[in-house]
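Take a look at the structure below.
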Amino acid sequence: MLPLVVACNSSTADEQKMEEAQLPDTLINKAAAINDLKFDTYCNARFGYCIDYPGILFPQPESENGDGRVFKDKQGNEALIVFGRLSMDEKW
């Protein structure tokens, strides 16, 4: 049996406008920017995983051993690192 997750926003448009009016413009602009983010997908063939990452990050070449990748922001800072590894623990 699959779990069912339901969300409901019961506020009216007027209530939402009142809530937004109480927030600083910078927060409203940041929230709008987050909602407008486009996502790309990186899939790792060696370990068989995929992640979605925001299009504001730039993927670097995959590591030499094929275990993952670094994603940098527009300033060149490492912002996200993803990798897989083998586990020697039998529990996993």
Side-chain angles (χ1 to χ4, degrees):
M1 179 184 256
L2 295 174
L4 176 63
V5 178
V6 178
C8 177
N9 183 356
S10 61
S11 63
T12 65
D14 288 337
E15 289 171 333
Q16 287 178 332
K17 286 180 185 175
M18 287 175 48
E19 289 172 7
E20 288 178 359
Q22 295 173 1
L23 294 173
D25 285 341
T26 54
L27 289 179
I28 294 170
N29 292 340
K30 286 181 182 180
I34 289 170
N35 287 334
D36 292 339
L37 275 179
K38 303 290 187 249
F39 285 80
D40 294 312
T41 302
Y42 161 66
C43 290
N44 181 277
R46 178 177 175 194
F47 288 101
Y49 66 86
C50 293
I51 64 151
D52 292 328
Y53 64 93
I56 59 172
L57 297 180
F58 303 95
Q60 304 306 297
E62 196 164 57
S63 63
E64 287 185 27
N65 68 2
D67 69 348
R69 176 170 270 176
V70 171
F71 297 82
K72 293 186 177 186
D73 63 16
K74 66 182 177 182
Q75 288 83 23
N77 301 312
E78 290 184 355
L80 175 66
I81 300 171
V82 296
F83 64 93
R85 70 176 189 170
L86 297 174
S87 175
M88 299 302 176
D89 189 349
E90 291 182 24
K91 292 188 292 187
W92 305 102

Measuring from atom NZ of Lys72 to atom CG of Leu57, what distance do you get when rounded to the nearest 0.5 angstrom?
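Reported value, rounded in 0.5 Å steps: 12.0 Å.
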Any chance you could measure Phe71, atom CZ, to Ile81, atom CD1, to the nearest 0.5 Å?
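Separation between the atoms: 10.5 Å.
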For residues 43-56, which residue pairs pass the side chain to side chain donor-acceptor pair (under 3.5 Å) check, not counting sequence neighbours?
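Those involving residues 43-56 are Thr41-Asp52, Tyr42-Asn44, Asn44-Glu62.
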List, by chain and then residue number, the residues other than Phe58 in its hydrophobic cluster (Ile/Leu/Val/Met/Phe/Trp/Tyr, side-chain heavy atoms under 4.5 Å); write none if there are no others.
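Via sub-4.5 Å side-chain contacts, Phe58 links to none.
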Gln75: side-chain contact (heavy atoms from CB on, under 4.5 Å) partners, not counting sequence neighbours
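side-chain contact (heavy atoms from CB on, under 4.5 Å) check on Gln75 returns Asp73, Asn77.
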Mind checking whether Leu80 and Phe47 sit in one hydrophobic cluster, side chains of I, L, V, M, F, W, Y counted as touching below 4.5 Å?
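Shared cluster, yes.
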Contact list for residues 58-90, test disulfide bond (SG atoms under 2.5 Å apart), sequence neighbours left out:
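Non-adjacent pairs meeting disulfide bond (SG atoms under 2.5 Å apart): zero.
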Contacts of Asp40 that satisfy side-chain hydrogen bond (donor to acceptor under 3.5 Å, both in side chains) - sequence neighbours left out:
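Counting only residues at least two positions away or on another chain, Asp40 forms no side-chain hydrogen bond (donor to acceptor under 3.5 Å, both in side chains).
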Which atom pair, heavy atoms only, marks the closest approach of Arg69 to Gln60?
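Looking at all heavy atoms of both residues, the closest pair is NE-O, 2.7 Å.
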